[in-house]
Structures are given as structure tokens and as C-alpha cells.
There are 2 protein chains.
Amino acid sequence: MSAPNPIQPCGQSHQDCRNKDAIEALLERARQSGLRRTRALRDVVHILAEAGRPLTLADVAASRRLESRADPATVYRLLTKLEQKGLLRRLGLHQRAASYVMAFPGSHQDYLICTRCGSIEPLDIRCPVESLESLIAEQSGYSGLYHELEFFGLCPRCQAIQHPAS
Amino acid sequence: MSAPNPIQPCGQSHQDCRNKDAIEALLERARQSGLRRTRALRDVVHILAEAGRPLTLADVAASRRLESRADPATVYRLLTKLEQKGLLRRLGLHQRAASYVMAFPGSHQDYLICTRCGSIEPLDIRCPVESLESLIAEQSGYSGLYHELEFFGLCPRCQAIQHPAS
DNA sequence: GTAATTGCAAATCATTTGCTTCGTA
DNA sequence: TACGAAGCAAATGATTTGCAATTAC
């Protein structure tokens, strides 16, 4: 958490996220936020937590880990609920369709995105990540490195709107 | 580019990206990388460049800007080619399906992703972005702020493979 | 003239919803 | 027992491909 060594394949420091206790805590949080302790829920959480990397819905549904082969629709609904409860994070711009931007040479853009209404504001920040890029390129052997940085949150307008339900 | 003021709605500093010269330069690069100067190409580049924010394929295809209403398939192929030439950036994990990760409290994960094979490596970097979050939250009025940071590049294995074609 | 590009239609694939049955609280 | 969850099937929606007609070089 505080080691200065910035770049390592995620070996140790996140291992703790995948141990039984952390997973159990997640399940407990899930239950307390209203979800029932079903086998499918337990399986989905285990699969995702132990993967330690982003998985698609199909990945989760196809995983033969744990004996229940879950229906994609079930997995989908579980993922949706877990995301609504804040226990799960869906990567990307949170829209169903892919998004594109022109790549002007030398220009780089970061975004601020509302998790409810999906509005996207370009940010004119001095991106603090650039210096990391060369370091990562060097240590990982990747070429042509670039990055994407997005901030997500509830925009002021959406904060003012009543939550439809929980 | 060097102003210390870090957060502004992208007003000026990227405006230059959208002027005629920059767009013309993009089109020129496109032509030099083998694309023909068709109306659809010009329109797509104009639409994306002038939008200054991420657009979906449907956004581009539906844009009545410039007189040619382009077929989604045509737009799709243009976007694909522009991306292959490095003139365009597709946001997100570059997979067709959405990806999910468990949100362990207090843990945050950044990724290194190969643009060719799609492999995803979790990075154990000390993320330099966290300090920005509170600043952005304050200035934007967004609540519940979090961020995603992904690095993209060609992984060593893919670098070794012959490019199928250009 | 030749090869890339377009447009239209159709195929794919991931996501999402309806509805009935099942299982947890 | 009541209400959320699961399973199955079907609808939706974005993306992707096939192919004939067109257009840029």
C-alpha cells in the first residue's frame, strides 16, 4: 500500500482482496444491502473476486468454477444488482455502445462522466500519469503506450434528482 | 499546456484540435496511410473532431452535420480503419463485451492492456491520480468520485508477431 | 482500369426483458 | 408464506460481414 516500488505485476498487494475473508465480507455486504444468499450470487462473487481481473458477463457465466452453471440472464441481473449496490464496478464508459474520439497528435483528453445520466465532460487537467507511461513501457516491454483516464461520479444535476428506488 | 490551473471545462487548450488546419492534417495523414479521400471519410473526421468528445457509431452516423447521411456500416468501417491507422481512439477496454471487477473497499486497480490481443494485466502502481480526485470533486460538484486508469500498448508477444497486413 | 469504398441487407453477438417456477428469509 | 431470484425463451440493439454497384486514384 505504501511501498515506493510502483510497478509490479499484481502479485501480493491485492492478493488480500481474494482471500476468503474479503470475499465473505463482500457477500455479507451484499446480503445486508438486500440481496439473498443464493448459490448463484456466491458463485458470481467468488468467480469475479478470484479472477482478480476484469471479466465479461460471458466469462462469468461460462466459468465452470463452482458447480452451478448459471444462466447468463441470472448473471446479468446479479451483476447489475451488485453494481447498483456499489459492490462491483463495470469498466468503460458505462454505455452500451463503444465511443470514439479523434487522436490528435500530442493531445490527450481525460473525462468526467456521470454514472447516472452518462454525461461526459472533457477535463482540462494536467494529467499526472504521463510520467508513469515511460516507466511502465520500460518495465513491461509494451510498445506504443498510451493511457485512458476517466473520472466517474454523480453530476450535480443527478444528485438533485430523487433516486427512483434502491 | 503548461498553465498550473488544472481543472477547466475543456475550453481553449483543446480548441486548436478542432480547427480546420488540425482536421486537414488528420485527413492528410489518413490519405497518406492509404485511405481514399471520400466524402464519408471527410464527414466522419469532421464530425468527430468538432465534437471534441467521445461519440458512438450511431452518433456519427446520425449526425446531420455535412450533407451526407452515411450508412452505419460505412461509418463502422471508417472508424475501424482510422483506429487501425492510429488516427482514432476507441475508448474502453476494446472488447465488444463489457467487463466487470469486484469493488473491494479501499482497493483500486489500474490495468495494462494489449491493443492487439486484448490481454489485461493488473498493475500494482501507486496511482498518481488519487490526489486529483478530491480536487475535481470540489470543482465539479460531482459526488462519489472514483476513476479508471488504463494503459494500452502492444504487449511483447504481439510485437513479435508479424503484422497480418496494413 | 483497378482496387478500395459504399450502401443495403442479413448475420452475429452481447445485453436486456417477460414470465413462470423455485428458494430464501 | 411472500417476495426476491433463477431459468428459459424471446426481444433489443450494437456491431460486423457479404455482395453488388460505385468511385477515387
Participant: When rounded to the nearest 0.5 angstrom, what distance separates CG in B:L123 from CG in A:L132?
Facilitator: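 These two atoms lie 9.0 Å from each other.
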Participant: So which protein nitrogen or oxygen atoms get under 3.5 Å of nucleotides 23-25 of chain D's nitrogens or oxygens?
Facilitator:
unit_1 : atom_1 : unit_2 : atom_2 : d
D:dA24 : N3     : B:R36  : NH1    : 2.9
D:dC25 : OP1    : B:R37  : N      : 2.9

Participant: Quick one: B:E83 CD to D:dT15 P, roughly how many Å, whole number?
Facilitator: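 B:E83 atom CD is separated from D:dT15 atom P by 12 Å.
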Participant: Between the two ends of the helix from C:dG1-D:dC25 to C:dA25-D:dT1, what is the bend in degrees, rounded to 10 degrees, where each end axis spans five pairs?
Facilitator: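 If I round to tens, the end axes sit 50° apart.
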Participant: Hey, could you give me the CG/NZ distance between A:L87 and A:K81, rounded to the nearest 0.5 Å?
Facilitator: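 Rounded to the nearest 0.5 Å, the CG-NZ separation comes to 13.0 Å.
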Participant: Output the rounded distance in Å from CG (A:L27) to P (C:dA25).
Facilitator: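 After rounding, the gap between these two atoms is 12 Å.
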Participant: Between the protein and nucleotides 10-17 of chain C, list every N/O to N/O distance that falls short of 3.5 Å.
Facilitator:
unit_1 : atom_1 : unit_2 : atom_2 : d
C:dT12 : O2     : B:R96  : NH2    : 3.2
C:dC13 : O4'    : B:R96  : NH2    : 2.9
C:dC13 : O2     : B:R96  : NH2    : 2.9
C:dT15 : OP1    : B:A98  : N      : 3.0
C:dT16 : OP2    : A:Y76  : OH     : 2.9
C:dT16 : O5'    : A:Y76  : OH     : 2.7

Participant: What is the distance, rounded to the nearest whole Å, between atom CG of B:D43 and atom P of C:dT6?
Facilitator: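 Answer to the nearest Å: 10 Å.
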Participant: When rounded to the nearest 0.5 angstrom, what distance separates CG in B:L41 from CG in B:L26?
Facilitator: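 Reported to 0.5 Å precision, the distance equals 10.0 Å.
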Participant: Going from NZ on A:K85 to CD on A:Q32, what distance comes out if it is rounded to the nearest 0.5 angstrom?
Facilitator: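 The NZ atom of A:K85 sits 12.0 Å away from the CD atom of A:Q32.
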Participant: Taking the six-membered ring of A:Y146, is NZ or CZ of B:R89 closer than 6.0 Å to its centre and within 45° of its axis?
Facilitator: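 Geometry flag: set, cation within 6.0 Å and 45°.
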Participant: Which pairs count as salt bridge (Lys or Arg N to Asp or Glu O under 4.0 Å) when at least one residue sits in residues 23-32 of chain B, sequence neighbours excluded?
Facilitator: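 Sorted result for residues 23-32 of chain B: B:E24-B:R37, B:E28-B:R31, B:E28-B:R37.
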Participant: For residues B:S131 and B:S134, report the shortest heavy-atom separation together with the two atoms involved.
Facilitator: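 What the structure gives for the nearest pair is O-OG, 3.3 Å.
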Participant: Could I get the full list of side chain to side chain donor-acceptor pair (under 3.5 Å) partners for B:E133, not counting sequence neighbours?
Facilitator: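 B:E133 satisfies side chain to side chain donor-acceptor pair (under 3.5 Å) with B:H147 once adjacent residues are dropped.
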Participant: Taking side chain to side chain donor-acceptor pair (under 3.5 Å) as the definition, give me every residue that meets it alongside B:T38, ordered by chain and number, with sequence neighbours left out.
Facilitator: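 Counting only residues at least two positions away or on another chain, B:T38 forms no side chain to side chain donor-acceptor pair (under 3.5 Å).
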Participant: So, does A:Q159 use its side chain to make a donor-acceptor pair with the main chain of B:G141 at under 3.5 Å?
Facilitator: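 Yes; judged by distance alone, with no hydrogens or angles, the pair exists.
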Participant: Nearest-Å distance, CZ (B:R42) to C1' (C:dT5)?
Facilitator: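 After rounding, the reported distance stands at 15 Å.
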Participant: Starting at OG1 of B:T80, measure out to CZ of B:R90 and round the result to the nearest 0.5 Å.
Facilitator: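 The OG1 atom of B:T80 sits 7.0 Å away from the CZ atom of B:R90.
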Participant: If you compare every side-chain N and O of B:K81 against the phosphate oxygens of C:dT5 (OP1, OP2), does one of them come in below 4.0 Å?
Facilitator: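 It does, given that an N or O in the side chain of B:K81 lies less than 4.0 Å from OP1 or OP2 of C:dT5.
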